[in-house]
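First the structure, in the form of structure tokens, and then the observations on it.
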There are 2 protein chains.
Amino acid sequence: MRLSKRGEYGLRAMILLATPGPEGRPAMLQIREISERENIPTKFLEQILLALKNAGLLHSKMGVGGGYYLAKPACEITLGQIIRILDGPLAPVKCVSQVAYEPCGCPDEATCGLRMVMFDVRAAMTAILDKTTLEDVTKRMQAQKALLGK
Amino acid sequence: MRLSKRGEYGLRAMILLATPGPEGRPAMLQIREISERENIPTKFLEQILLALKNAGLLHSKMGVGGGYYLAKPACEITLGQIIRILDGPLAPVKCVSQVAYEPCGCPDEATCGLRMVMFDVRAAMTAILDKTTLEDVTKRMQAQKALLGK
DNA sequence: CAAAAGTCTATTATTTCTATAGACTTTACA
DNA sequence: TGTAAAGTCTATAGAAATAATAGACTTTTG
């Protein structure tokens with residue numbers, strides 16, 4: 001039941017890209033800068049950002065002075081979207097996935113106890129991940145920093 | 001964020017072993033029988049049941065007429081216990097695991113937004129998995145069967 | 001045009017997952 | 001008492017997913 005490194009790195013990069021800079025709004029950042037600040041292998045991050053770009057969550061600017069920036073306001077991007085792009089369906093077993101349903105091989109799906117429970121688990125996870133936006137996350141971080149006097 | 005096959009098979013086997021037979025209480029079953037009824041590769045299931053036995057959740061009887069049976073009442077075994085034995089910690093990232101904590105490489109754990117959210121996700125998952133017992137599952141299955149007239 | 005930056009595809013390395021093999025031990029019972 | 005039925009245990013093979021690296025290419029700015 002673990003998030004992959006790809007997913008973890010992607011989320012951390014997106015959160016960083018959503019963090020308001022000195023001017024108050026999220027800034028454009030270069031791959032290099034993100035990888036250094038978050039301890040992510042540069043070339044691996046490159047692939048991840050590209051995937052997020054191709055999925056429409058990021059835009060980029062090529063050439064000197066270029067970089068990546070959010071394609072939409074941070075309040076319109078959920079963690080669930082990001083994880084699904086990088087790691088696939090959130091469901092713990094395929095037979096409870098909304099998007100990527102597949103039978104799981106149990107004798108009778110209609111009365112499968114495991115399926116019933118995993119359905120609930122999936123619901124509990126998506127209730128958080130599909131509701132929490134990048135803005136929610138950066139606000140929580142700011143609040144915590146203020147609380148700790150950082 | 002997926003349950004492994006090992007975990008899935010183990011849970012299905014345990015649920016079957018917890019299901020009351022004709023005499024009203026959970027029966028002793030042989031590996032062969034479980035693997036046939038649940039479509040699980042026999043030799044793989046063997047390893048899984050052995051792990052669950054060594055962890056104290058199952059007892060076994062060797063020799064002719066032997067088999068596996070629950071080491072405790074079904075109401076005292078939770079799905080969370082089973083998954084942790086077979087798949088390791090439930091936490092989506094190691095830095096929010098209670099049992100298997102490891103730092104995750106973020107610049108500052110105290111103000112890490114991803115960590116805060118994943119902490120909530122972990123809590124939501126364990127709220128279900130550490131509360132749901134094998135008995136809960138078999139009862140839900142029976143109720144569903146009754147509802148469908150099976 | 002040169003340097004900085006993203007794009008894209010391929011490949012390798014590592015790990016985890018899934019499964020199989022096979023020799024061994026215990027038990028029941030004919 | 002010996003044989004067949006069952007679990008025990010360790011090793012390892014095969015396959016798939018994950019993680020990471022490489023390198024050639026394109027775009028942009030000055």
Side-chain angles (χ1 to χ4, degrees), chain A residues 1-13 17 27-36 38-69 71 83 85-89 92-94 100 102 104-105, chain B residues 1-13 17 27-36 38-71 83 85-89 92-94 100 104-105:
Chain A
M1 309 284 258
R2 202 139 74 250
L3 185 67
S4 73
K5 282 290 175 189
R6 169 186 270 97
E8 182 191 324
Y9 292 161
L11 285 167
R12 294 230 300 267
L17 283 163
M28 179 162 73
L29 296 175
Q30 293 172 4
I31 296 179
R32 175 79 51 95
E33 184 172 358
I34 299 173
S35 78
E36 279 170 6
E38 296 285 340
N39 301 312
I40 303 172
T42 307
K43 277 297 204 175
F44 195 20
L45 179 61
E46 187 185 300
Q47 286 180 7
I48 294 167
L49 295 180
L50 201 54
L52 292 169
K53 185 202 156 166
N54 290 334
L57 260 44
L58 288 177
H59 283 161
S60 65
K61 182 160 178 279
M62 275 182 135
V64 178
Y68 280 97
Y69 54 99
I83 297 175
I85 289 165
L86 298 173
D87 280 358
V93 289
K94 286 181 190 160
E102 264 183 60
C104 63
Chain B
M1 308 285 259
R2 204 141 71 247
L3 185 67
S4 73
K5 283 289 175 190
R6 167 185 274 100
E8 181 191 325
Y9 292 162
L11 285 168
R12 294 231 300 265
L17 282 163
M28 180 161 71
L29 297 175
Q30 293 170 4
I31 296 178
R32 175 80 50 96
E33 184 172 359
I34 299 173
S35 79
E36 279 170 7
E38 296 286 340
N39 301 312
I40 302 173
T42 307
K43 277 294 202 174
F44 194 20
L45 180 60
E46 187 184 299
Q47 286 179 6
I48 294 167
L49 295 179
L50 200 53
L52 291 169
K53 185 202 157 168
N54 291 334
L57 261 43
L58 288 177
H59 284 163
S60 65
K61 182 159 179 279
M62 274 182 136
V64 177
Y68 279 97
Y69 55 98
L70 297 189
I83 296 175
I85 290 165
L86 298 173
D87 280 359
V93 289
K94 286 179 189 161
C104 62

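The chains referred to below are lettered A, B, ... by the order of the sequence lines, with proteins before strands, and numbering in each begins at 1.
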For Lys53(B) and dT8(D), is the shortest distance between a side-chain N/O and OP1 or OP2 below 4.0 Å?
-> yes

Short side-chain N/O contact to dA28(C) OP1/OP2 from Lys61(B), under 4.0 Å = yes

Return no unless some side-chain N or O of Tyr9(A) is found under 4.0 Å from OP1 or OP2 of dA19(D).
-> no

Do side-chain atoms of Asp87(A) reach the backbone of Ser4(A) as a donor and acceptor pair under 3.5 angstrom?
-> yes

Separation of atom CG in Leu29(A) from atom C1' in dA5(C), rounded to whole Å = 14 Å

Leu49(B) near the nucleic acid: base, sugar-phosphate alone, or nothing, with a heavy-atom cut-off under 4.0 Å?
-> nothing

How would you label the contact of Arg32(A) with the nucleic acid (heavy atoms, under 4.0 Å): base, sugar-phosphate, or nothing?
-> nothing

Donor-acceptor pair under 3.5 Å, Gln47(B) side chain vs dC9(D) base = no

Which listed nucleotide (dT27(C), dC9(D), dT20(C)) is nearest to the side chain of Pro41(B)?
-> dT20(C)

Rounded to whole angstrom units, what separation is found between the CD atom of Glu46(A) and the P atom of dA5(C)?
-> 13 Å

Check every atom of dT27(D), dT8(D), dA20(D) against the side chain of Leu50(B) and return the nucleotide holding the closest atom.
-> dT8(D)

Which listed nucleotide (dA24(D), dA21(C), dA19(C)) is nearest to the side chain of Lys43(A)?
-> dA24(D)

Separation of dG7(D) P from Ile48(B) CD1 (nearest whole Å) | 14 Å

Using heavy atoms to find the nearest nucleotide of DNA chain D for Lys5(A) and Val64(A) separately, return the residue whose nucleotide is more 5′.
-> Lys5(A)

Does OP1 or OP2 of dA19(D) have a side-chain N or O of Ser4(A) closer than 4.0 Å?
-> yes

To the nearest Å, give me how far apart CG (Leu45(A)) and P (dT7(C)) are.
-> 12 Å

What's the shortest heavy-atom distance between Leu45(A) and Ser35(A), and which atoms?
-> CD2-N, 3.6 Å

Spacing of Lys94(B) atom NZ relative to dT15(C) atom C1', expressed in whole Å | 11 Å

How long is the line joining OH of Tyr68(B) and C1' of dA6(D), in whole Å?
-> 10 Å

Taking only the side-chain heavy atoms of Gln30(A) (C-beta and beyond), determine which of dA19(D), dA19(C), dG6(C) contains the nearest atom.
-> dG6(C)

Phe44(A) CZ - dT18(D) C1' separation (whole Å) | 7 Å

Report yes if some heavy atom in the side chain of Lys94(A) is under 4.5 Å from a heavy atom in the side chain of Pro89(A); otherwise report no.
-> no

side-chain N/O Ser60(A) vs dA5(C) OP1/OP2, d < 4.0 Å = no

4.5 Å side-chain heavy-atom contact, Leu50(B) and Tyr68(B) = yes

From the list Arg32(A), Lys5(A), Arg12(A), salt bridge (charged side-chain N to carboxylate O under 4.0 Å, His left out) with Glu38(A) holds only for Arg12(A)

Would you call Leu58(B) and Leu70(B) a side-chain contact if the rule is heavy atoms closer than 4.5 Å?
-> yes

Report the distance from atom CG of Leu52(A) to atom P of dT7(C), rounded to the nearest whole Å.
-> 12 Å

